[in-house]
Engineer: 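Okay, handing you the structure first.
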Amino acid sequence: MNGDRRLLYVVGARPNFVKMAPVVAELQRRLPDAEHVVVHTGQHYAAELSEVFIDQLGLPEPAHRLEVGSGTHAEQTGRVMERLERLVTAARPDLGFVAGDVNSTLASALVFVKLGVPYAHVESGLRSFDRSMPEEVNRIVADEFADHLFAHSEDAVENLRREGIEGERVHLVGNTMIDTLCRLEPRFRELGLAGELGLEPGRFVLVTLHRPALVDTPLLEDVLGQLEALAKRIPVVFPVHPRTRARIADLGRYPDVRFLDPVGYLEFLSLEADAGGVLTDSGGVQEETTFLGVPCFTLRPGTERPVTTRLGTNVVLGLDPSRIPAIVDALAAEPRTHTVPPLWDGRASERIADVVVERLS
């Protein structure tokens, strides 16, 4: 293969780092003479949400930082497009990469397609079937124009097929987030953060909530009240997203809930692996708990990852805080059987590299 190939990977938020890191590492190994350019949009710019994850995941130092910061969906998307367009125009990569469903994903996909640069979408085909969710719009657009769609489950492939996207563009490769988890498992297992916090493994509930439908609405007060009640029955640990901390302070005191500052990825995985159960609104956490065999309770109307409910450990509670107390009873019941979904084996990035190397040859 020619040594002048250039691959450009765009990341911008914590989930992007986790999904893209193994892809970059594998393609660097398989295409050592190519130029591998990582671009950090700065959508997540706080150190605990950005630099910590880059450091722990072993991503190469980004060659370019767009520093778009926060803003409305339109402001953030527009800034990424404006700044990335100049970079892509100058670099003319042979292939671009986007991952997931954040605003940086949407913006990058639009830049690539408008400049005629082929791109791959890692984690294609997920659908919540709720177009009021910004992430759903981002996924649909990124998939529509992608040259290579890397899906992590048969559900995702079927979603794409229903939208008329099929054939050689679609590749069932598995879950790159699980690649990262597998690689880091020895490190997070030995951390034992639960013990350091005085928590008994298997006897606490880990909470992670960040979506606007919960934290930016009156529902947050209901959730916190239910968590306070839950914490009287089982320890509750809640690493708080930066933009949620101030709202919690305004709503009152919840002395029995153990609030933590944001933790690094390894630290979070350490807590997650030792938790008795996890309450979340995060898609990635639904996948991690399914792989780890930890009961997961999703506080959302539905999930774009139905494989985690069908095969895994995930139970969708709906957007209904009143169901939170039932977590204790669910944890006390006979554990439900579960299996790890097919191809969630730590080798998804290898299968992605197989496709990329073949297409670039």
Engineer: What closest approach, in Å, do V18 and T180 show between heavy atoms, and which atom pair accounts for it?
Structural biologist: O-OG1, 2.7 Å
Engineer: Roughly how far, to the nearest 0.5 Å, is the CD atom of E163 from the CD atom of E158?
Structural biologist: 10.5 Å
Engineer: Does D33 pair with R5 as a salt bridge, N-O distance under 4.0 Å?
Structural biologist: no
Engineer: Counting N and O atoms only, with roles assigned by atom type, does the side chain of N103 sit under 3.5 Å from a partner on the main chain of T77, one being a donor and the other an acceptor?
Structural biologist: no
Engineer: Closest approach of V102 and A13, non-hydrogen atoms and distance?
Structural biologist: CG1-CB, 4.0 Å
Engineer: For R336, look at atom CZ and say whether over 12 heavy atoms of other residues, nucleotides or ligands are found less than 6.0 Å away.
Structural biologist: yes
Engineer: Output yes when a side-chain donor or acceptor of Y119 lies under 3.5 Å from a complementary backbone atom of A146, and no otherwise.
Structural biologist: yes
Engineer: Using a strict threshold of under 4.0 Å (side-chain N to carboxylate O), is an ion pair present between R29 and E26?
Structural biologist: yes
Engineer: According to a 4.5 Å side-chain heavy-atom criterion applied to Ile, Leu, Val, Met, Phe, Trp and Tyr, with indirect links allowed, do V207 and L331 form part of one hydrophobic cluster?
Structural biologist: yes
Engineer: Between H121 (side chain only) and T105 (backbone N and O only), is there a donor and an acceptor less than 3.5 Å apart?
Structural biologist: no
Engineer: Less than 4.5 Å apart, side chain to side chain, heavy atoms only: is that true for L214 and L319?
Structural biologist: yes
Engineer: Look at the side chain of R211 and the backbone N and O of L299, then say whether any donor-acceptor pair between them is shorter than 3.5 Å.
Structural biologist: no
Engineer: Name each donor-acceptor pair under 3.5 Å that joins a side chain in residues 199-206 to protein atoms two or more places apart or in another chain, with its distance.
Structural biologist:
none

Engineer: Remaining members of V157's ILVMFWY cluster at a side-chain heavy-atom cut-off under 4.5 Å?
Structural biologist: L149, L160, I165, V170, L172, L343
Engineer: Closer than 4.0 angstrom, basic N to acidic O: yes or no for K19 and D101?
Structural biologist: no
Engineer: So, D147 and R359, do they make that salt bridge, N to O below 4.0 Å?
Structural biologist: no
Engineer: Taking all non-hydrogen atoms of both residues, which atom of R65 and which atom of E61 are closest, and how far apart?
Structural biologist: NH2-OE2, 2.8 Å
Engineer: Do V122 and S349 touch side chain to side chain, with heavy atoms closer than 4.5 Å?
Structural biologist: no
Engineer: Stepwise, does the side chain to side chain contact (heavy atoms under 4.5 Å, CB included) test hold for D345 with R351?
Structural biologist: CA-CA 11 Å; D345 56 2; R351 289 184 278 270; 2.7 Å; yes
Engineer: Determine whether a donor-acceptor pair (N or O, by modelled atom type, separation under 3.5 Å) exists between the side chain of E123 and the backbone of F150.
Structural biologist: no
Engineer: With side chain to side chain contact (heavy atoms under 4.5 Å, CB included) as the test, would you mind laying out the steps for E267 and Q56 before giving the verdict?
Structural biologist: CA-CA 10 Å; E267 290 77 11; Q56 293 185 345; 3.0 Å; yes
Engineer: Give a yes or no answer on whether the side chain of D94 reaches the backbone of R6 with a donor-acceptor pair at less than 3.5 Å.
Structural biologist: yes
Engineer: Using atom types as modelled and distance alone, determine if a side-chain donor or acceptor of T176 lies under 3.5 Å from a backbone N or O of D179.
Structural biologist: no
Engineer: Give me the atom names and distance for the closest heavy-atom approach of N159 to G125.
Structural biologist: ND2-O, 2.9 Å
Engineer: Between V356 and F97, is any pair of side-chain heavy atoms under 4.5 Å apart?
Structural biologist: yes
Engineer: From the options E288, R305, E287, select the one residue that forms a side chain to side chain donor-acceptor pair (under 3.5 Å) with N175.
Structural biologist: E287
Engineer: Under 4.0 Å between a side-chain nitrogen and a carboxylate oxygen: does that hold for R30 and D354?
Structural biologist: yes
Engineer: Verify the cluster assignment for F145 and L115: are they in a single hydrophobic cluster under the rule of side-chain heavy atoms below 4.5 Å apart?
Structural biologist: yes
Engineer: Donor-acceptor pair, R79 side chain versus S70 backbone, under 3.5 Å?
Structural biologist: yes
Engineer: Shortest non-hydrogen contact from R233 to V328?
Structural biologist: NH2-CG1, 3.4 Å
Engineer: Passes side chain to side chain contact (heavy atoms under 4.5 Å, CB included), R310 versus D155? Steps please.
Structural biologist: CA-CA 11 Å; R310 192 175 66 255; D155 295 325; 3.1 Å; yes
Engineer: Verify, without hydrogens or angle tests, whether S270 (side chain) and L193 (backbone) share a donor-acceptor contact under 3.5 angstrom.
Structural biologist: yes
Engineer: Would you indicate whether the side-chain heavy atoms of M20 and V24 approach each other to under 4.5 Å?
Structural biologist: yes
Engineer: Would F17 and H40 count as a ring-ring contact (aromatic ring centres under 6.0 Å, His included) if you check the C-alpha gap in whole Å, the side-chain angles of each, and the deciding distance to 0.1 Å?
Structural biologist: CA-CA 9 Å; F17 309 144; H40 185 354; 5.3 Å; yes
Engineer: How far apart are the C-alpha atoms of N314 and T298, what are their side-chain angles, what is the distance that settles it, and do they pass the side chain to side chain donor-acceptor pair (under 3.5 Å) test?
Structural biologist: CA-CA 7 Å; N314 187 25; T298 298; 2.6 Å; yes
Engineer: Check whether any side-chain heavy atom of L95 lies under 4.5 Å from a side-chain heavy atom of H148, and answer yes or no.
Structural biologist: yes
Engineer: Only one of R300, E304, E136, E135 passes side chain to side chain donor-acceptor pair (under 3.5 Å) with S128; say which it is.
Structural biologist: E136
Engineer: Could you check whether any side-chain N or O of W344 sits under 3.5 Å from a backbone N or O of H152, counting only pairs where one atom can act as donor and the other as acceptor?
Structural biologist: yes
Engineer: Does the side chain of V80 reach to within under 4.5 Å of the side chain of V10, using non-hydrogen atoms?
Structural biologist: no
Engineer: Please report the interatomic distance CG(D250) to CD(E221), rounded to the nearest 0.5 Å.
Structural biologist: 10.5 Å
Engineer: Could you tell me how the ring of F238 sits relative to the ring of F259: parallel (under 30°), tilted (30 to 60°) or perpendicular (over 60°)?
Structural biologist: tilted
Engineer: Do V307 and T290 have side chains that get closer than 4.5 Å, going by heavy atoms?
Structural biologist: no
Engineer: Hey, what do you get for CZ (F129) to CZ (R162), rounding to the nearest 0.5 Å?
Structural biologist: 4.5 Å
Engineer: Work out which heavy atom in R183 is nearest to a heavy atom in G58; give both atom names and the distance.
Structural biologist: NH2-N, 4.4 Å
Engineer: Which one of V316, L279, T289 satisfies the side chain to side chain contact (heavy atoms under 4.5 Å, CB included) criterion with C296?
Structural biologist: T289
Engineer: Hey, are the side chains of F188 and F268 touching, using non-hydrogen atoms and a 4.5 Å cut-off?
Structural biologist: no
Engineer: Set out, in order, the CA-CA distance, both residues' side-chain angles and the distance that settles side chain to side chain contact (heavy atoms under 4.5 Å, CB included) for L8 and V117, then state yes or no.
Structural biologist: CA-CA 10 Å; L8 192 147; V117 173; over 6 Å; no
